[in-house]
Amino acid sequence: LCVSDLISAIISGLFWHRRTTGYDDWFIDPILCKIYFGADLMTSYVTCLHIFMFSLMRYVAIQHPFTFSKLKQKQVKIFVTFLWVVSFFCGFIPFTVYFGVEPRDRHSPTDPDATWPSCSVAVKAGKLPGVNKYQRIAYPIFMYAPVLGVIVLSVMIAAVMRKRPAVKITQKGAEAT
């Protein structure tokens with residue numbers, strides 16, 4: 001998760017450029033526009049998936065502590081690697097295909113993309129329908145479902161914790177029920 005935050009911090013300068021000095025004219029290398037959007041979406045996906053994984057692990061640890069204690073560090077590393085690979089192929093790669101740098105005619109009342117930043121969806125290259133379809137499929141899977149999963153798991157964790165008897169700690173540290 002901290003790697004995702006680091007990548008987001010590294011590309012934040014590109015976001016600033018896109019929204020300010022590069023809004024009309026993207027004067028740096030066009031590949032950086034593609035990298036910005038790909039990395040931005042990839043880190044969003046991996047963050048949502050990580051938080052869902054943390055919630056799932058917390059639920060398993062509370063509901064099935066002996067099963068959770070058998071979980072090996074190698075298994076967790078494999079799963080985290082899997083989240084990154086999925087996020088790369090389903091987030092980074094598609095957005096580097098759909099986005100690019102296109103000159104915009106800011107003064108045209110008929111140009112539908114006149115108000116878009118120059119680094120944006122490659123509308124003139126015909127990429128907008130693909131982006132729309134991609135977003136209708138991918139966003140529910142990689143963003144909405146993990147958030148819903150976290151909410152459901154949080155309710156389940158609260159229910160498990162409410163059912164457990166309260167444990168009081170005496171002054172000497174011995175448990176008393």
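We number each residue from 1, following the sequence as shown.
Sorted by first and then second residue, the side chain to side chain donor-acceptor pair (under 3.5 Å) pairs involving residues 139-152 (not counting sequence neighbours) are Gln135-Tyr139. Within the structure, side chain to side chain donor-acceptor pair (under 3.5 Å) contacts touching residues 51-62 (residues at least two apart or in different chains) do not occur.
Taken from CG in Leu71 to CD in Gln73, the straight-line distance is 10.0 Å, to the nearest 0.5 Å. Between Met143 atom CE and Leu49 atom CG the span is 9.5 Å, to the nearest 0.5 Å.
With a 4.5 Å cut-off on side-chain heavy atoms, Cys48 and Phe52 do not count as touching. Side-chain atoms of Trp84 and His50, non-hydrogen and from C-beta on, do get closer than 4.5 Å to each other. Counting heavy atoms from C-beta on, the side chains of Phe89 and Val85 come closer than 4.5 Å.
Across Leu83 and Met53, no two heavy atoms sit closer than the pair CD1-SD, 3.9 Å. Nearest heavy atoms, Ser4 versus Thr47: OG-OG1, 2.9 Å. Of all heavy-atom pairs spanning Ile7 and Ala39, the tightest one is CG2-CB, 4.1 Å. The minimum heavy-atom distance linking Cys90 with Pro94 is given by the pair O-CG, 3.5 Å.
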Only distances under 3.5 Å count here; give the side-chain donor-acceptor pairs of residues 146-163 to other protein atoms, sequence neighbours excluded, each with its distance to 0.1 Å.
residue, atom, partner, partner atom, Å
Ser154, OG, Val150, O, 2.7

Pairs of donor and acceptor atoms involving the side chains of residues 75-82, under 3.5 Å and at least two apart or interchain, shall be tabulated with distances.
residue, atom, partner, partner atom, Å
Gln75, OE1, Lys72, N, 2.7
Thr81, OG1, Lys77, O, 2.8

Item to complete: Apply side-chain contact (heavy atoms from CB on, under 4.5 Å) to the pair Met42 and Ile93, showing each step before the final yes or no.
Response: CA-CA 9 Å; Met42 177 184 71; Ile93 297 296; over 6 Å; no

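Remark: Phe88 pairs with Phe92 by the ring pair (Phe, Tyr, Trp, His ring centres under 6.0 Å) rule, at least two apart or across chains. Phe142 is linked by a ring pair (Phe, Tyr, Trp, His ring centres under 6.0 Å) to Tyr45, counting only residues two or more places apart in sequence or in another chain. Qualifying ring pair (Phe, Tyr, Trp, His ring centres under 6.0 Å) partners for Phe95, counting only residues two or more places apart in sequence or in other chains: Phe99, Tyr134.
Proximity of a side-chain donor or acceptor of Thr96 to a complementary backbone N or O of Ile35 within less than 3.5 Å is not detected.
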